[in-house]
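Below: the structure, in structure tokens.
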Amino acid sequence: MEKNIILVSHCMLNIFSKVENFGEEEGREDARKKIIKTIIDNEIGIIQLPCPELIMYGSKRWGHVKDQFDTPYFRNTCKKELETYILQIEEYINNGYNIIGILGIDGSPSCGINLTCRGNWKGEIGSNPNLKDTINTISYTKEMGVMMEELKKLIKEKNIDIDMFGFTTENAEEICKYIENKIVCKK
Ligand code: SF4
């Protein structure tokens, strides 16, 4: 039996954890399904990471930027949520499993790997006379989201070496190839 495991951001498997979207990017669902199909077809075990935003802000949350989640409480909650996952990873590694990697969601303020979003967002939406200007401060920056930063720290503390890669609509093909290349057969 092949012993491969991948960790994925919660919404790779459960899209209902995401911020309600009023116009999903074209091709995104197909891209997501393609990756999940690759994982399932190759009989890779899946560990679904927690969705910190759903846990802390619920289903009715607005879309946020990293600057808003970058608080001691948010970080600490992510860390606490992730601690048992680190122990699971350790247990699997100790028993000869191949951890393919951690698949995050690029662009996310929490789960971005190569890309997150920043912006000067704050204050009362209804009384903001320059709401459009505030929204326009959003930009994508080449850094991790808050939860993935915490996950990276926990992995480092344990001296575990795991690749982290981020999903975008455009890179699904590349991710599928990457996953297939990292599969180890132990029969
Ligand atoms: S916080 Fe992470 S898991 Fe939750 S919806 Fe955002 S990207 Fe997905």
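Every number for a ligand or one of its atoms is a count from 1 in the order of the listing.
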**Request:** Quick one: sort the H64 and F69 rings into parallel, tilted or perpendicular, breaks at 30° and 60°.
**Result:**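 H64 vs F69 ring planes: parallel.
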**Item:** Residue portion contacting ligand 1 (non-hydrogen atoms closer than 4.0 Å) for R61
**Value:**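 Only the side chain of R61 comes within reach of ligand 1.
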**Request:** Could you check N95 against E91 for side-chain hydrogen bond (donor to acceptor under 3.5 Å, both in side chains), going step by step and ending with a plain yes or no?
**Result:** CA-CA 6 Å; N95 286 281; E91 173 67 4; 3.2 Å; yes
**Item:** Pairwise side-chain contact, Y85 with I47, heavy-atom cut-off 4.5 Å (strictly under)
**Value:**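 Sidechains of I47 and Y85: in contact.
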**Message:** Can you count the protein N/O/S atoms lying under 2.8 Å from atom 4 (Fe) of ligand 1, leaving waters out?
**Reply:**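 Step by step: take atom 4 (Fe) of ligand 1, keep protein N, O, S below 2.8 Å, and you get 1.
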**Asked** Knowing that exactly one of N114, T116, T168, T169 qualifies, which makes a side-chain hydrogen bond (donor to acceptor under 3.5 Å, both in side chains) with D106?
**Response**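 Filter result, single survivor: N114.
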**Message:** Give me the atom names and distance for the closest heavy-atom approach of C11 to R32.
**Reply:**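 Reported closest heavy-atom pair: O-CD, 3.8 Å.
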**Request:** Could you pull out all residues at least two apart from K153 that satisfy side-chain hydrogen bond (donor to acceptor under 3.5 Å, both in side chains)?
**Result:**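 Once residues adjacent in sequence are excluded, the partners of K153 under the side-chain hydrogen bond (donor to acceptor under 3.5 Å, both in side chains) criterion are E150.
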